[in-house]
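So the structure is just underneath, and the comments pick up after that.
For ligands, and for the atoms within them, numbers begin at 1 and follow the listed sequence.
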Amino acid sequence: MIDFRSDTVTKPTQAMRDAMATAEVGDDVYREDPTVVRLEELGAKMLGKEAGLFVCSGTMGNQVAIMTHTQRGDELITEAESHIFYYEVGDIAMLSGVQARQVPGKRGVMDPDDVKHAIRDSDNIHFPRTSLIAIENTHNRGGGKVWPIEYVREIAAAARERGIAVHMDGARIFNASIASGITPDVWASYADSVMFCLSKGLCAPVGSLLVGSRDYIERARKNRKRLGGGLRQVGILAAAGIVALETMVDRLAEDHANAKLLACELAGIGYGTDPSEAETNMAMVNVSASGKDAPSFVGALKEKGVLCNAVTPTTVRLVTHHDVTTDQCRETVEVFGSLLHA
Ligand SMILES: Cc1ncc(COP(=O)(O)O)c(C=O)c1O
């Protein structure tokens, strides 16, 4: 099977497996795991922050971040199709007791003026307090869209002026960085906290990091414990994360080239996709030219050995990653061709 469902399907590399087998470990709840400490320091340094926290998943990282920035009854401004709102099981309400002010964006990017208008006047007795703005970069449902940095800068400035924190869901911040040429620490400089994933395009088997100021991460550490995320000899996993950060970032450019190739070739044979929108490791493809809706098309593709997900009734998403080759992308274009009006 050629698997384009997500970059989360990537398997750990041999170098990761070797590092895991020999990792020096200790009890991380006692802060005695030297490999976790190394990973947290490395991640924080790459993002230009004081401290880092290893968490089980991107969802846990986002939710610990939100819990640490907010109080119950607060409002969080987030894009209407953001992962935090769309895919995290209602956790912001359930775990932190905050409500989402959803700002509709274009491919996940919120207009800074819309964000400014969404900030509540805390003097009004009827209103919740806006305590946090979340930015997802790259944006998953936006097809791997990279934010224009000037939008991030403008939102961050407005937030700082009003004493509101900014969290960046940077699950794929290194994809944003490779595509834009803007280093991760520059992206992160506009946010008080950033979560990024080791287990997506970077191929580690498990884990994400939350980074921020030392004081913020200390408070986040307690919230991670509250959620059952205090792990013990977890250097076994952190070892793979170190290999991910040290060796797997630059190669993301190959995934971006493959997504571009898919988008160009599929547009060339009549599918609805705009190659200029394949900026990182995703191609969003309207499959109406096949005469099928997206879920049926996904079924037909599967029979021919290609896996992907339907993300709207007419659109499928192809995510490129370490474990699909350029040749497999070309093969996939042929399979799509065979399904035109089939
Ligand atoms: C933008 C974004 N944030 C957060 C997550 C959550 O990561 P995890 O699946 O590790 O919980 C994902 C997962 O795909 C994502 O795409």
Side-chain angles (χ1 to χ4, degrees), residues 3-12 39 43 47 53-67 76 78-92 94-96 100 102 105 107-110 132-147 152 166-177 179 184 187-188 191 193-211 220 224 227-229 231 234 237-238 240-241 244-245 252 255 259 279-284 307-311 317-322:
D3 196 344
F4 292 102
R5 286 172 302 166
S6 175
D7 44 11
T8 56
V9 303
T10 46
K11 306 265 170 52
L39 172 65
L47 276 282
L53 184 72
F54 183 67
V55 288
C56 306
S57 65
T59 301
M60 181 181 268
N62 280 335
Q63 293 305 323
V64 165
I66 292 163
M67 191 177 280
L76 149 72
T78 189
E79 200 276 328
E81 303 239 340
S82 64
H83 197 279
I84 282 172
F85 176 74
Y86 203 96
Y87 287 126
E88 298 190 10
V89 210
D91 275 350
I92 60 168
M94 179 152 173
L95 299 175
S96 295
Q102 300 170 55
R107 299 190 57 224
V109 174
M110 297 181 282
L132 183 61
I133 299 171
I135 290 174
E136 184 175 316
N137 191 28
T138 65
H139 197 285
N140 181 337
R141 286 187 63 80
K145 170 79 186 154
V146 182
W147 273 64
V152 177
V166 174
H167 172 67
M168 187 173 285
D169 176 349
R172 298 183 180 82
I173 191 70
F174 291 104
N175 296 89
S177 177
W187 284 114
S193 57
V194 182
M195 182 286 292
F196 61 95
C197 292
L198 304 164
S199 63
K200 298 195 163 64
L202 302 184
C203 299
V206 178
S208 297
L209 282 169
L210 176 64
V211 297
R224 183 188 69 174
L227 296 179
L231 303 177
V234 71
L237 299 176
L245 289 180
L252 293 173
D255 302 341
E279 292 171 58
T280 57
N281 67 332
M282 298 184 193
M284 304 294 244
L307 297 176
C308 71
N309 286 329
V311 288
R317 186 190 69 174
L318 301 173
V319 185
T320 53
H321 51 77
H322 180 254

Practice problem: Heavy-atom contacts with G58 under 4.0 Å: which atoms of ligand 1 show up? List them by number with element. | Solution: 6 (C), 7 (O), 8 (P), 10 (O), 11 (O)
Practice problem: Would you check whether R172 reaches within less than 4.0 Å of ligand 1, judged by its heavy atoms? | Solution: yes
Quiz item: Which bit of M60 gets closer than 4.0 Å to ligand 1, counting heavy atoms only: side chain, backbone, both or neither?
Solution: neither
Self-check item: Pair Q63-E88, side-chain donor/acceptor within less than 3.5 Å
Solution: yes
Quiz item: So, is T8 polar-close to ligand 1, with some N/O to N/O distance under 3.5 Å?
Solution: no
Quiz item: Can you find a heavy atom in the side chain of F54 that is under 4.5 Å from one in the side chain of L198?
Solution: yes
Quiz item: For R107 and E279, what are the C-alpha separation, side-chain angles and deciding distance, and is it a salt bridge (Lys or Arg N to Asp or Glu O under 4.0 Å)?
Solution: CA-CA 12 Å; R107 299 190 57 224; E279 292 171 58; 3.3 Å; yes
Quiz item: Is there a side-chain contact between V166 and I135 (heavy atoms, below 4.5 Å)?
Solution: yes
Quiz item: Counting only heavy atoms, which portion of E136 has something under 4.0 Å from ligand 1: side chain, backbone, both, or neither?
Solution: side chain
Exercise. Flag T138 as yes when one of its N or O atoms lies below 3.5 Å from any N or O atom of ligand 1, and as no otherwise.
Key: no
Practice problem: For ligand 1, indicate whether the residue I84 contacts it via side chain, backbone, both or neither (heavy-atom separation under 4.0 Å). | Solution: neither
Self-check item: Ring-face cation of R141 near Y86 (centre distance under 6.0 Å, axis angle within 45°)
Solution: yes
Practice problem: Looking only at distances, please establish whether an N/O atom of ligand 1 is found under 3.5 Å from an N/O atom of K200. | Solution: yes
Quiz item: Can you tell me the protein heavy atom closest to atom 11 (O) of ligand 1 and the distance?
Solution: T59 OG1, 2.6 Å
Quiz item: Testing N309, T320, V9 for side chain to side chain contact (heavy atoms under 4.5 Å, CB included) with F4, which one passes?
Solution: T320
Practice problem: Check whether the side chains of D169 and N137 place a donor and an acceptor atom closer than 3.5 Å, and report yes or no. | Solution: no
Quiz item: Can you list the ligand 1 atoms lying under 4.0 Å from a non-hydrogen atom of N62?
Solution: 3 (N), 4 (C)
Exercise. Tell me which one of H83, M195, E88 gets a heavy atom nearest to atom 12 (C) of ligand 1.
Key: H83
Quiz item: With a 4.0 Å heavy-atom cut-off (strictly under), which part of N140 contacts ligand 1: side chain, backbone, both or neither?
Solution: side chain
Self-check item: Side-chain touch F174/L245, heavy atoms, less than 4.5 angstrom
Solution: yes
Exercise. Could you find the nearest protein heavy atom to atom 3 (N) of ligand 1 and give me its residue, atom name and distance?
Key: D169 OD2, 2.7 Å
Quiz item: Just which atoms of ligand 1 are under 4.0 Å from any heavy atom in S57?
Solution: 10 (O), 11 (O)
Quiz prompt | Enumerated ligand 1 atoms positioned under 4.0 Å from heavy atoms of A171 | solution = 1 (C), 2 (C), 3 (N), 15 (C)
Quiz item: Can N62 and H167 be counted as having a side-chain donor-acceptor contact under 3.5 angstrom?
Solution: yes
